[in-house]
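The analysis underlying the following values was restricted to heavy atoms, covering all of them including side chains, and did not include hydrogens, waters or symmetry mates. Residue numbers start at 1 and run along the sequence shown.
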Amino acid sequence: MTDKEDTTHSMPHSDEDAARAERIPDTPQTRAPAYRLAYMDREFLLRKELRPVRLQLELLKPEMIMDERGIESTVVLFGGARIPAPEHADEARTPILGELAKYYEQARRFAHIMTERSMQTYGREYVICTGGGPGVMEAGNKGAEEAGGQSIGLSIVLPHEQAPNAYVTPALCFNFHYFAIRKMHFLMRARAVTVFPGGFGTMDELFETLTLIQTGRMKRIPILLFGREFWDEVINWKALARAGTISDSDLDLFRYVETADEAVKIIDEWDEAG
């Protein structure tokens, strides 16, 4: 993203004044924090009173970049960061986690197929979007790269050091401080959401999406849960309906799939149904 000068404006551009401000004489007055240009003052921008501005910036930056690259729709992959690639299944922390490695391959294959579709629209539609980390996220970005297309990674700063996986398209590799804004970017362009086995983060993202659709705050799109056995064991969906805390019809908000081909078929039929 570049900061282009508005040639129709008669006033100096902000980057011109920023450069001029660096060339001023060194005096006690110019060294004082109060003298810094507000938009160049890191300490000022990080004050708690500026949180609303930072929220806006974090919403705007990825939005503007994706607009500039012509991205109109995405296909989201949620899933566990700890799920290994099949060749590393024997190194998994638990035997069950090793068995879940099959979904790494399905995520990679699904992303490959959808990216081939995306390239038919010159990368505008069906762009793969992940959380940018390891596990299922890595598989999604890897499949997109292997297909020769681009993919998005929405990373977030965590207490432990973490870098984006190596397969995210660098120009579409974003980093967030606010979980809420990151979640918005996951869903703002989503044409479909796929959810692979995962932990707290995956559950959070799944239930956020279901709640938005259930309450009518987001239009209905395919929500595809990979691995019926896993999901039926960790979440008793029918018990929620029996208790009356959700409606029976809410169970239709998602579909189970086991393979990439099944997921693609549902998305294709959804499009055909309008």
Quick one: does any side-chain atom of Asn175 pair with a main-chain N or O of Leu154 as donor and acceptor, under 3.5 Å?
no
For a quick test of reading the model, state the closest non-hydrogen atom pair linking Gln150 to Leu172 and the distance between them.
OE1-CD1, 3.4 Å
Show the atom names and distances, to 0.1 Å, of all donor-acceptor pairs under 3.5 Å that link a side chain in residues 94-107 to residues at least two apart or in another chain.
residue: Thr94; atom: OG1; partner: Leu97; partner atom: N; Å: 3.1
residue: Tyr103; atom: OH; partner: Glu258; partner atom: OE1; Å: 2.8
residue: Tyr104; atom: OH; partner: Glu138; partner atom: OE2; Å: 2.5
residue: Glu105; atom: OE1; partner: Arg108; partner atom: NE; Å: 3.2
residue: Glu105; atom: OE2; partner: Arg108; partner atom: NE; Å: 3.3
residue: Glu105; atom: OE2; partner: Arg108; partner atom: NH2; Å: 2.5
residue: Gln106; atom: OE1; partner: Ala260; partner atom: N; Å: 2.7

Ignoring hydrogens and angles, tell me if any N or O in the side chain of Ser73 forms a donor-acceptor pair with the backbone of Tyr126 under 3.5 Å.
yes
Is a salt bridge present between Asp261 and Arg109, judged by a nitrogen-to-oxygen distance below 4.0 Å?
yes
Criterion side chain to side chain contact (heavy atoms under 4.5 Å, CB included) on Leu240 and Asp250, from CA distance to verdict:
CA-CA 10 Å; Leu240 293 173; Asp250 291 334; over 6 Å; no
Tyr256: what forms a ring-ring contact (aromatic ring centres under 6.0 Å, His included) with it, not counting sequence neighbours?
Phe254
Main-chain N/O of Arg255 paired to Arg228 side chain as donor or acceptor, under 3.5 Å
no
Just wondering, do Val257 and Thr194 contact through their side chains at under 4.5 Å, heavy atoms?
no
Check against salt bridge (Lys or Arg N to Asp or Glu O under 4.0 Å), Glu58 and Arg51:
CA-CA 10 Å; Glu58 201 152 278; Arg51 182 176 293 124; over 6 Å; no
I'd like to know if Asp268 pairs up with Lys265 as an ion pair, taking the criterion as any Lys NZ or Arg NE/NH1/NH2 lying under 4.0 Å from an Asp or Glu carboxylate oxygen.
no
Heavy-atom distance under 4.5 Å between the side chains of Phe186 and Glu205, does that happen here?
yes
Would a distance-only check, ignoring hydrogens and angles, find a side-chain to backbone donor-acceptor pair under 3.5 Å from Thr211 to Phe207?
yes
